[in-house]
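Excluded from the calculations below are hydrogen atoms, water molecules and symmetry mates; all remaining heavy atoms, backbone and side chain alike, are included.
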Amino acid sequence: MRRRGRAVPAALVAALSLLPAGRRNGFAHGGPAAAVTDDRLSGAGGTAPAPDRPGPRPTGRTGERGADAGESRPHAAPGRGTARERLRAWAELLRVSALFSVPGDALAGAAAVGRRPGRGSASAIGASLCLYEAGMALNDWADRDEDAVDRPHRPIPSGRISPAAALGAAGVLTAAGLALAARAGRPALAVATGLAATVWAYDLHLKHTKAGPAAMAAARSLDLLLGATATAEGAAPGAGTPGGGRLSDNVAGVTAAATAAAVPTPGTLTASLPALPAALVLGAHTYGVTAVSRHEAQGGSTGVPLAVLATTTALAAAVLGGGERSRRATDRKAVPQPGGTPGQDLFGRGIPGRGIPGRGIPGRATDPLRLLVIGLTGAYLRTAGPPLLHAALNPSPPLTQRAVGGGIRAMIPLQAALAARAGSPVTGLAVMGLVPLARSLARKVSLT
């Protein structure tokens with residue numbers, strides 16, 4: 001009898017040992033048979049589930065935390081997953097997908113002053129990128145309490161990035177931006193200092209006031225003027241080919257001596273004055289995008305998207321303007337402008353009777369440069385217009401955020417159109433080449 005009594009528990013143990021470890025574990029915790037965990041990943045000898053896998057085994061994308069599906073695949077190192085999460089958190093905080101809307105400011109400014117991008121332009125682009133990212137980090141730091149209610153998934157309220165780290169990053173990036181601007185000369189540093197002060201004032205105070213959109217518009221305008229100032233400061237009189245690679249200048253063969261006589265001495269802020277109209281156009285677009293963004297968390301605004309859509313159309317018409325009426329008005333007061341080349345006005349339009357006629361945007365509809373400007377301006381309208389219309393028809397938070405994202409992406413074709421409008425088609429095409437990169441990265445990191 002004793003032998004038979006010992007044989008029964010032994011048989012039960014043997015039968016239980018034949019069951020899969022995960023099923024035994026699931027039963028022990030009261031879960032169904034489908035709630036299986038791989039005990040070999042828990043390190044607990046099949047007595048408890050893995051701490052990071054309390055339920056069914058995830059089947060997400062390979063490489064994400066807890067997403068490996070192979071039975072015999074070892075558990076990924078926790079440090080590697082943590083580093084990836086931190087990198088993504090910083091990418092979301094800094095909104096790296098919007099970075100491609102920044103270099104076009106400096107390049108459009110360089111084209112507006114009739115210069116080919118050089119060392120000064122590169123320094124201005126680097127300074128702009130740093131100051132832009134500083135503003136993004138400072139924005140989330142200042143809005144951390146508001147985001148905790150409206151957007152708790154943001155890096156700071158979700159706990160992925162500490163407020164101190166975000167504020168420190170804003171300070172370091174601001175210092176780096178000013179240092180890069182200083183390499184382009186004192187005038188560029190002065191413009192960059194004004195830009196940095198505007199960014200900090202907007203994020204810390206002006207954002208929630210009526211002056212918020214105007215402050216943001218001023219920041220974008222200053223960014224374009226920074227590129228113009230740095231480019232003019234970094235180019236010596238008579239150095240290189242004028243016009244930033246203009247097709248008309250290549251045909252005309254304008255000499256370096258004539259250019260040296262027409263361009264004012266670098267080192268003064270007046271060298272960037274020809275870029276002021278382009279800066280105002282870009283600032284007006286930024287004003288509209290900022291006005292829409294003030295409703296992106298709650299939605300509910302119909303009039304603002306409609307007004308911004310009308311403004312966008314007006315800006316496109318201004319870029320395309322410059323027909324015979326404009327040229328006749330310019331001819332009556334044909335005075336060479338600072339930083340311009342002989343025979344052109346502020347926007348690079350040809351002045352009849354002065355220099356080579358037909359520069360900039362000729363009146364003929366078949367001119368290649370005019371067709372390029374029309375195409376780039378059409379891309380600007382196509383990018384910004386439909387999302388604004390959708391937000392006006394249905395002012396929900398998702399559609400409002402989409403309108404803001406469309407406005408940010410539309411800055412690239414607008415910058416390209418301004419560069420081509422100034423007579424620099426190569427620069428315009430180079431700026432437009434940033435669109436595919438911005439679009440691909442926007443699929444991974446949100447613009448807003």
Open item on the list: So P387 and L399, do their side chains get closer than 4.5 Å, heavy atoms only?
Closed with: no
Open item on the list: For a quick test of reading the model, state the closest non-hydrogen atom pair linking A230 to A124 and the distance between them.
Closed with: CB-CB, 3.8 Å
- [ ] May I ask you to decide whether R95 forms a salt bridge with D140, counting only side-chain N to carboxylate O separations under 4.0 Å?
- [x] yes
Open item on the list: Could you check whether any side-chain N or O of T229 sits under 3.5 Å from a backbone N or O of L226, counting only pairs where one atom can act as donor and the other as acceptor?
Closed with: no
Open item on the list: Can you confirm whether T174 sits close enough to V199 that some side-chain heavy atom of one is under 4.5 Å from a side-chain heavy atom of the other?
Closed with: no
TODO: State, to 0.1 Å, how close P117 and A110 come at their nearest heavy-atom pair, and which atoms those are.
DONE: CG-CB, 4.4 Å
Open item on the list: If I compare all heavy atoms of S101 with all of I412, which pair ends up nearest, and what's the gap?
Closed with: CA-CG1, 3.9 Å
TODO: Indicate yes or no for a side-chain donor-acceptor contact from S221 to the backbone of A279 under 3.5 Å, with no hydrogens or angles considered.
DONE: yes
Open item on the list: Keeping R144 on the side-chain end and W141 on the backbone end, is there a donor-acceptor pair under 3.5 Å?
Closed with: yes
Task: Closest non-hydrogen atom pair between A391 and A403, with its separation - done: CB-CB, 3.9 Å
- [ ] Nearest 0.5 Å please: distance from the NE2 atom of H208 over to the CZ atom of R294.
- [x] 8.5 Å
Open item on the list: Is it the case that the side chain of R160 and the backbone of H153 share a donor-acceptor pair, with hydrogens and angles ignored and the cut-off at 3.5 Å?
Closed with: yes
Task: Between OH on residue Y380 and CE on residue M411, distance to nearest 0.5 Å - done: 9.0 Å
Task: Non-hydrogen atoms of L178 and A196 that approach each other most closely - done: CD2-CB, 4.3 Å
Open item on the list: Would the distance check show the side chain of S424 and the main-chain N or O of T427 forming a donor-acceptor pair, the cut-off being under 3.5 Å?
Closed with: no
- [ ] Apply the side-chain contact (heavy atoms from CB on, under 4.5 Å) test between L418 and each candidate in L376, V431, V281; give the one that qualifies.
- [x] V281
TODO: Without swapping roles, check the side chain of H205 against the backbone of W200 for a donor-acceptor pair under 3.5 Å.
DONE: no
Open item on the list: Quick check against the 3.5 Å criterion: does R154 have a side-chain atom that pairs as donor or acceptor with the backbone of E92?
Closed with: yes
Open item on the list: Would you compute the distance between atom CD1 of I125 and atom CG of L107 and round it to the nearest 0.5 angstrom?
Closed with: 4.5 Å
TODO: Any chance you could measure Y202, atom OH, to T290, atom OG1, to the nearest 0.5 Å?
DONE: 5.0 Å
Task: Between CD1 on residue I408 and OG1 on residue T383, distance to nearest 0.5 Å - done: 12.5 Å
TODO: Give a yes or no answer on whether the side chain of E296 reaches the backbone of T400 with a donor-acceptor pair at less than 3.5 Å.
DONE: no
Open item on the list: Can you tell me how far apart CE (M136) and CG (D203) are? Round to the nearest 0.5 Å.
Closed with: 9.0 Å
Open item on the list: Is it true that S128 and D223 share a donor-acceptor pair across their side chains at a distance under 3.5 Å?
Closed with: yes
- [ ] Of all the heavy-atom pairs spanning A275 and L224, show the shortest one and how long it is.
- [x] O-CD2, 3.6 Å
Task: L437 backbone acceptor or donor facing S440 side chain under 3.5 Å - done: yes
